[in-house]
Amino acid sequence: MTEAAHVTAARRSYDAVAADHERLLAGQLDAVPLDRAVIAGFAEEVKRSGRPRTIGDLGCGTGRVTSHLRSIGAEAFGVDLSPGMVAVAREAHPGLRFGVGSTTALDLPDASLGGVLSRYSTVHVTEDELALSCAEFHRVLAPGGRLLIAFKVGDARRATPWRRSGVRRPSGAPPRS
């Protein structure tokens, strides 16, 4: 199967800036208490929902949130489209499991997760791909599992290394409101 050009471009761009991305955002959760509280509440809900208790951080980037989940007692692993991001995640968080993969075709068994966390990883997908990702989230979640998805709305962009690297929203991506 041939990969869409925007997917290849996103992967290459994030591969190129992975180390800078980690340095730029290291400690970011420390400065955002609301994000930490939401993630902690989500992890607690996954624990309460029954088995399985594992959380997949899908679109994990350099693994900062995966590591945070583990630090608050959650069972977690990460998956990202970018091999560069995964390499940085493995180096920065050697005790955690990270793999390369796409949210549109997860290499995970049906009903294998108690929680799916997808933070800002859907911004580079088309509407059709978003539907595929959501279908995959549903497929891998066990009955009673929890989904936490976060995304930004709007057209404002900050000048960041990965924005200058060529990472763009694909044509056909849902419009920003």
For the student: nearest non-hydrogen atoms of S82 and Y14, plus distance: OG-C, 3.7 Å
Exercise: identify the closest heavy-atom pair between T104 and S133: CG2-OG, 3.5 Å
Residues, nucleotides or ligands: over 12 heavy atoms within 6.0 Å of R97 CZ: no
Gap separating the NE2 atom of H68 from the CD atom of Q28, nearest 0.5 angstrom: 11.0 Å
Nearest-0.5 Å distance that lies between atom OG in S49 and atom CD in E44: 10.0 Å
Cluster overlap L81 with V125, hydrophobic side-chain contacts below 4.5 Å: no
Considering all heavy atoms, the nearest I55-A74 contact: CD1-CB, 4.0 Å
V100-L96 co-clustered via ILVMFWY side chain contacts under 4.5 Å: yes
Closest heavy-atom pair and its distance - S121, G59: CB-CA, 3.6 Å
CZ/R12: more than 12 non-hydrogen atoms of other groups inside 6.0 Å: no
Minimum heavy-atom distance P143-A111, with the two atoms named: CD-CB, 4.2 Å
More than 12 heavy atoms from other groups under 6.0 Å of CD on E91: no
Distance-only polar pair, side chains of T8 and E3, donor-acceptor under 3.5 Å: yes
Partner of L58 by side-chain contact (heavy atoms from CB on, under 4.5 Å), out of L106, L147, I149: L106
hydrophobic_cluster_shared for L34 and L69, side chain cutoff 4.5 Å: yes
Flag, side chain of S13 to backbone of A10, donor-acceptor distance under 3.5 Å: no
Y120 and V65: CA distance, side-chain angles, deciding distance, side chain to side chain contact (heavy atoms under 4.5 Å, CB included) verdict: CA-CA 12 Å; Y120 310 109; V65 175; over 6 Å; no
L29 backbone acceptor or donor facing R36 side chain under 3.5 Å: yes
Side-chain donor/acceptor of R70 to backbone N/O of A76, under 3.5 Å: yes
Nearest atoms (heavy-atom pairs only) where G63 meets A89: N-CB, 3.9 Å
Residue among D57, D35, L148 satisfying side-chain contact (heavy atoms from CB on, under 4.5 Å) with R119: D35
D107 atom CG, over 12 foreign heavy atoms within 6.0 Å: no
Matching residue for F98 among T66, V88, V79, D80 - test: side-chain contact (heavy atoms from CB on, under 4.5 Å): T66
Transitive ILVMFWY side-chain link L113 to L117, under 4.5 Å: no
T103/E136 under side chain to side chain donor-acceptor pair (under 3.5 Å): CA gap, chis, key distance, verdict: CA-CA 7 Å; T103 61; E136 281 293 272; over 6 Å; no
Close side-chain approach of L108 to F77, heavy-atom, < 4.5 Å: yes
